[in-house]
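For reference, the structure I am asking about is given below.
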Amino acid sequence: MSELEITHCGYVAIVGRPNVGKSTLLNHILGQKLSITSRKPQTTRDQILGVKTEGHIQAIYVDTPGLHLGETKAINRFMNKTASAALKDVDVILFVVDANRWTEEDESVLEKVKYARCPVVLVANKVDQIENKDDILPRLANLSERMNFSQIVPISALRNKNLDRLEHLVEGYIPEGTAFYPEDQITNRSSRFLAAEIVREKITRQLGQEVPYEVAVQIEEFVFEESAIHISALILVERNGQKRIIIGERGEKIKLIGKEARIDMENLFQHKVMLNLWIKVRSGWSDDERALASLGYQEE
């Protein structure tokens, strides 16, 4: 199918507080891992576009950092600005919440989406975790009283439940227009960016609360050869103690992080990967505007 045959194309913002399953939702919609996931909130830092072209419709999903309270550091302020910016110039907003609980941060996101100029669909995620299924409808009814949502859709992103209905609903909001991206392109992000995100995800998953948010990954080398892709990644931390934790006893943690990251990269790039990781301490980077800009955390 040529791009000229695409008759509908539009943007879909996925917003919500941290750790409600936004990135998991995007990955399942695309049928491919694109946005990193973790039990740890605020894993996503940048705006990531996921492009899904099916039939005559191209839906461009915008995955965003979780909107959160307490903008104490420059990195937090950057994440909130990035998420808020995604509410502008989109055709529909998917406001993702945890069906099991409503928090002060959900209320904060609600206050932002109330002023959106496009339809807002409430996506009640994690309904599979509600033990008594008779509780689902009353909970959805309670959520519906918070705002005049265009639709309310209960889903389980992790279990891939009811996502077909959600996607069909989204298609109805996509306006007429030609495609912005080629049919086979699934993201606006570079291979370097995706490689860095994979490494950061493995650190987060392996170390959880042991290493806080003061971790960044910078790709120093990305060389594509016929035999393999050679990737060198620099892991930035703020303190020597964090460096020791990531390395682990006898280097076991860094080896495991590297092994898991390499496997994901080979699946994503469909090519053999030679991955080299090293760690550097750069004190205060997460609260330094210039350091953030040098790492790619800057406003468009």
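Quick note: residue numbers are just sequence positions, from 1.
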Leu122 vs Val153 side-chain heavy atoms within contact, under 4.5 Å: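 No; the side chains remain at least 4.5 Å from each other.
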field: Closest heavy-atom pair and its distance - Ile203, Val217
entry: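 Ile203 and Val217 have their closest heavy atoms at CD1-CG2, 4.3 Å.
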- prompt: Going from CD1 on Ile229 to NZ on Lys272, what distance comes out if it is rounded to the nearest 0.5 angstrom?
  reply: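 Here the interatomic distance stands at 11.5 Å.
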message: If I take atom CZ from residue Arg159 and atom CD from residue Gln129, how far apart are they, to the nearest 0.5 angstrom?
response: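 Between atom CZ of Arg159 and atom CD of Gln129 there are 8.0 Å.
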query: Do Val15 and Leu94 touch side chain to side chain, with heavy atoms closer than 4.5 Å?
result: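 They are not in side-chain contact.
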Polar side-chain atom of Gln185 near backbone of Thr187 as donor-acceptor pair, under 3.5 Å: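 Yes, because the side chain of Gln185 sits within donor-acceptor range (under 3.5 Å) of the backbone of Thr187.
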task: Write down the atom of Asn125, the atom of Gly21, and the distance for their closest heavy-atom approach.
output: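 For Asn125 versus Gly21, the nearest heavy atoms are ND2-CA, 3.8 Å.
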field: Backbone of Val281 reached by a side-chain donor or acceptor of Asn240 within 3.5 Å
entry: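 The answer is no, because no donor-acceptor pair under 3.5 Å joins these two groups.
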Side-chain H-bond candidate by donor/acceptor type, Thr53 with Gln58, under 3.5 Å: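 The answer is yes; a qualifying pair exists.
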- request: Report the relative orientation of the aromatic rings in Trp102 and Phe95; use parallel for angles under 30°, tilted for 30 to 60°, perpendicular for over 60°.
  value: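 Aromatic pair Trp102/Phe95 classed perpendicular.
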field: Which atom of Lys22 lies closest to which atom of Pro18, heavy atoms considered
entry: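 In this case the closest contact between Lys22 and Pro18 is NZ-CA, 4.1 Å.
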task: Provide the closest heavy-atom pair for Ile198 versus Leu268 in the form atom of the first, atom of the second, distance.
output: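 Shortest heavy-atom separation between Ile198 and Leu268 comes out as CD1-CD2, 4.0 Å.
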Nearest-0.5 Å distance, CD of residue Glu171 to NE2 of residue His168: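 Atom-to-atom, Glu171:CD and His168:NE2 are 7.0 Å apart.
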query: Are Ile29 and Lys52 side-chain neighbours, meaning at least one heavy-atom pair lies under 4.5 Å?
result: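 When only atoms from C-beta onward are counted, Lys52 and Ile29 do touch, with a gap below 4.5 Å.
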Sequence neighbours excluded, every pair satisfying salt bridge (Lys or Arg N to Asp or Glu O under 4.0 Å) that has a member inside residues 129-155: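 Applying salt bridge (Lys or Arg N to Asp or Glu O under 4.0 Å) to every pair that reaches into residues 129-155, excluding sequence neighbours, yields Glu107-Arg146.
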- prompt: At their closest point, which heavy atom of Pro154 faces which heavy atom of Val127, and how far apart are they?
  reply: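 In terms of heavy atoms, the two residues are closest at CB-CG1, 3.8 Å.
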query: Hey, does the side chain of Asp106 reach the backbone of Thr103 with a donor-acceptor pair shorter than 3.5 angstrom?
result: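 It does hold such a pair.
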task: Return yes if a side-chain donor-acceptor contact under 3.5 Å exists between Thr24 and Asn27, otherwise no.
output: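 No - no donor-acceptor pair under 3.5 Å links their side chains.
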query: When you look at Leu166 and Val123, which way does the side-chain contact (heavy atoms from CB on, under 4.5 Å) test go after all the steps?
result: CA-CA 8 Å; Leu166 179 62; Val123 181; 4.0 Å; yes
task: Might you work through the side-chain contact (heavy atoms from CB on, under 4.5 Å) test for Met274 and Arg262, ending with a clear yes or no?
output: CA-CA 7 Å; Met274 302 294 289; Arg262 180 181 54 76; over 6 Å; no
- request: Take Ile60 and Tyr181, measure what side-chain contact (heavy atoms from CB on, under 4.5 Å) needs, and give me the verdict at the end.
  value: CA-CA 9 Å; Ile60 303 165; Tyr181 294 95; 3.8 Å; yes
- prompt: Would a line drawn from the ring center of Phe269 to the ring center of Phe222 be shorter than 6.0 Å?
  reply: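 So the answer is yes for these two rings.
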task: First locate atom CZ of Arg192, then atom CD of Gln218, and finally report the distance between them rounded to the nearest 0.5 Å.
output: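 Answer for the CZ-CD pair, Arg192 versus Gln218, is 9.5 Å.
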field: Shortest non-hydrogen separation from Leu158 to His28 and the atoms involved
entry: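 It is O-NE2, 3.5 Å.
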query: So, do Lys243 and Lys280 sit near enough that their side-chain heavy atoms are less than 4.5 Å apart?
result: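 Side-chain contact under 4.5 Å: no.
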query: Does CG in Asn142 sit with more than 12 non-hydrogen atoms of other residues, nucleotides or ligands closer than 6.0 Å?
result: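 Yes, the 6.0 Å shell around CG holds more than 12 heavy atoms from other groups.
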message: Quick one, Glu260 and Leu256 - any side-chain contact, counting heavy atoms below 4.5 Å?
response: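 The answer is yes, as the side chains (C-beta and beyond) meet within the 4.5 Å cut-off.
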message: side-chain contact (heavy atoms from CB on, under 4.5 Å), that's the test. Do Ile246 and Ile235 meet it? Break it down for me.
response: CA-CA 9 Å; Ile246 293 175; Ile235 301 168; 4.1 Å; yes
- prompt: About how many Å separate NZ of Lys255 and CG of Leu277, when rounded to the nearest 0.5 Å?
  reply: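 Rounded to the nearest 0.5 Å, the CG-NZ separation comes to 12.5 Å.
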message: For Glu176, I'd like to know if atom CD has over 12 heavy atoms of other residues, nucleotides or ligands within 6.0 Å.
response: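 Incorrect, the count does not exceed 12.
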query: Any side-chain heavy atom of Val12 within less than 4.5 Å of one from Ile174?
result: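 Side chain of Val12 against side chain of Ile174, heavy atoms only: contact under 4.5 Å found.
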message: Under a plain distance cut-off of 3.5 Å, with no hydrogens placed, do Arg17 and Ser108 share a side-chain donor-acceptor pair?
response: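 Side-chain D/A pair, Ser108 to Arg17: absent.
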query: Is Asn276 close to Ser232 at the side-chain level, that is, under 4.5 Å between some pair of heavy atoms?
result: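 Contact flag for Ser232/Asn276 side chains = yes.
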task: Determine, using ring centers only, whether Phe224 and His271 are less than 6.0 Å apart.
output: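 Between Phe224 and His271, which both carry aromatic rings, the centre distance is below 6.0 Å.
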query: Who pairs with Tyr173 by ring pair (Phe, Tyr, Trp, His ring centres under 6.0 Å), at least two apart in sequence or on another chain?
result: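 With sequence neighbours excluded, Tyr173 shows a ring pair (Phe, Tyr, Trp, His ring centres under 6.0 Å) to no residue whatsoever.
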- prompt: Within the side chain of Asn188, is there an N or O that forms a donor-acceptor pair under 3.5 Å with the backbone of Leu49?
  reply: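 Indeed, once roles are kept as given, a pair shorter than 3.5 Å links the two residues.
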Student check: side-chain heavy atoms of Glu201 and Asp264 closer than 4.5 Å: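 Touching, per the 4.5 Å side-chain cut-off.
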- prompt: Within the distance-only criterion (no hydrogens, no angle test), does the side chain of Glu266 pair as donor or acceptor with the backbone N or O of Ile263 below 3.5 angstrom?
  reply: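 Judged by distance alone, no pair lies under 3.5 Å.
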task: Evaluate the side chain to side chain donor-acceptor pair (under 3.5 Å) criterion for residues His230 and Glu221: first the C-alpha distance (whole Å), next the side-chain angles of each, then the deciding distance (0.1 Å), finally the verdict.
output: CA-CA 7 Å; His230 296 267; Glu221 178 190 45; 5.8 Å; no
message: Would you compute the distance between atom NZ of Lys202 and atom CG of Leu207 and round it to the nearest 0.5 angstrom?
response: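 Reported to 0.5 Å precision, the distance equals 12.5 Å.
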- prompt: Where do Tyr11 and Tyr61 land on the ring pair (Phe, Tyr, Trp, His ring centres under 6.0 Å) test, with the steps shown first?
  reply: CA-CA 6 Å; Tyr11 284 85; Tyr61 290 88; over 10 Å; no
